[in-house]
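Data block below; observations after.
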Amino acid sequence: MMWSNDELTVINKINQLPYFSNNQLYLESKNYSSFDAQNDNILCEIKKRNFESYHKYAVEGLILERKKYESLMNKSNGRQVLYVNLFTDDKVVIWNLTQLTNEGHDFSWFMKRMNKATFRSVNNKTEKEVSLLKIESSIDNNAKIWYIK
């Protein structure tokens, strides 16, 4: 899905991370795509969070919708599926959903009442099946959170 948050700048920042040094992402330019960036080896969903990486929402776990998860996994065609979260303090947390799935990670899916669409009226609510991803299950055991400039 195309977003209006200067997505090319965001992807350029993400490409500065060591994880992407030899595997640069490029913007998915199709409107209403189910992912934001890709390359030959990776399919990537990117979320810009409106809070810091140490905020209670980040500590409690970041929301991943099951519908989004299934769509990404179905479109991966053998590529790794990454879920990238950027925070207002310029820190990034990345989960490798393919690896978590292959390792039998317990996503503990549950129903939550949420906005029907992220950028729509807060009065238009629906039940969504979601998981809370903890920073501890992100991709890098030594540096769970990266700083980007």
Side-chain angles (χ1 to χ4, degrees), residues 1-7 9-21 23-28 32-39 41-120 122 125-149:
M1 178 181 304
M2 294 296 292
W3 5 286
S4 60
N5 294 327
D6 195 11
E7 55 273 358
T9 300
V10 170
I11 290 170
N12 287 338
K13 283 184 175 187
I14 292 169
N15 278 332
Q16 294 174 24
L17 297 172
Y19 193 83
F20 299 104
S21 61
N23 212 356
Q24 298 283 285
L25 295 170
Y26 59 90
L27 177 67
E28 173 53 39
Y32 304 107
S33 176
S34 60
F35 58 93
D36 298 312
Q38 65 178 323
N39 62 32
N41 304 309
I42 296 170
L43 191 68
C44 190
E45 172 71 6
I46 302 168
K47 293 289 184 190
K48 284 180 73 175
R49 303 296 181 175
N50 291 323
F51 47 86
E52 295 84 9
S53 61
Y54 53 84
H55 189 280
K56 76 174 194 163
Y57 294 151
V59 173
E60 292 171 356
L62 294 158
I63 291 175
L64 169 65
E65 289 183 47
R66 186 169 202 156
K67 183 177 175 183
K68 173 60 74 176
Y69 164 83
E70 289 176 351
S71 175
L72 291 166
M73 297 304 282
N74 287 335
K75 292 188 181 208
S76 67
N77 294 324
R79 294 179 285 178
Q80 298 292 300
V81 175
L82 302 183
Y83 187 59
V84 178
N85 282 248
L86 289 87
F87 300 91
T88 57
D89 57 356
D90 290 328
K91 294 190 178 171
V92 179
V93 178
I94 302 171
W95 288 268
N96 184 324
L97 299 180
T98 303
Q99 182 178 356
L100 289 173
T101 300
N102 290 344
E103 292 174 352
H105 177 77
D106 180 8
F107 286 92
S108 299
W109 301 104
F110 65 96
M111 298 304 290
K112 181 174 177 64
R113 190 155 181 77
M114 301 176 65
N115 292 346
K116 191 168 186 176
T118 304
F119 299 110
R120 298 267 161 49
V122 294
K125 302 280 188 182
T126 189
E127 291 287 320
K128 295 183 179 182
E129 193 171 11
V130 300
S131 174
L132 294 178
L133 294 176
K134 304 281 187 172
I135 291 174
E136 294 79 34
S137 63
S138 62
I139 62 168
D140 190 332
N141 292 328
N142 297 317
K144 305 273 188 223
I145 300 176
W146 286 291
Y147 176 77
I148 57 174
K149 299 175 184 172

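For this chain, numbers begin at 1 and follow the sequence in order.
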| Can you check salt bridge (charged side-chain N to carboxylate O under 4.0 Å, His left out) on Glu45 and Lys47, steps first, answer last? | CA-CA 7 Å; Glu45 172 71 6; Lys47 293 289 184 190; 3.4 Å; yes
Once rounded to the nearest 0.5 Å, what's the spacing between atom [atom1] of [X] and atom [atom2] of [Y]?
X      : Y     : atom1 : atom2 : result
Asn96  : Leu82 : CG    : CG    : 5.0 Å
Ile14  : Cys44 : CD1   : SG    : 6.0 Å
Lys128 : Glu65 : NZ    : CD    : 4.0 Å
Ile63  : Arg49 : CD1   : CZ    : 7.0 Å
Asn74  : Leu43 : CG    : CG    : 11.0 Å
Phe87  : Glu52 : CZ    : CD    : 10.0 Å

| said: Out of the candidates Asp90, Asp89, Asn85, only one should pair with Ser53 under the side-chain hydrogen bond (donor to acceptor under 3.5 Å, both in side chains) rule; please name it. | reply: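 Checked Asp90, Asp89, Asn85 against Ser53; only one passes side-chain hydrogen bond (donor to acceptor under 3.5 Å, both in side chains): Asp89.
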Check whether any side-chain N or O of [X] sits under 3.5 Å from a backbone N or O of [Y] as a donor-acceptor pair, and report yes or no.
X      : Y     : result
Ser71  : Lys68 : no
Lys134 : Glu60 : yes
Asn15  : Leu25 : yes

| Do the non-hydrogen side-chain atoms of Met73 and Thr101 ever get within less than 4.5 Å of each other? |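 They are in contact (side-chain heavy atoms under 4.5 Å apart), so the answer is yes.
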| Heavy-atom pair with the smallest gap, counting every atom of Ile46 and Ala37 |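 Smallest heavy-atom distance, with atoms named: CD1-CB, 4.2 Å.
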| message | For Trp109 and Phe107, take the angle between the two ring planes, folded into 0 to 90°, and tell me which bin it lands in: parallel under 30, tilted 30 to 60, perpendicular over 60. | response |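 Trp109 and Phe107: parallel rings.
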| query | Which word best sums up how the rings of Tyr57 and Phe51 line up, parallel for under 30°, tilted for 30 to 60°, or perpendicular for over 60°? | reply | perpendicular
| query | Heavy-atom count around Asn50 CG within 6.0 Å, excluding the residue itself: above 12? | reply |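 Counting neighbours around CG of Asn50, 12 or fewer heavy atoms of other residues, nucleotides or ligands fall under 6.0 Å, so no.
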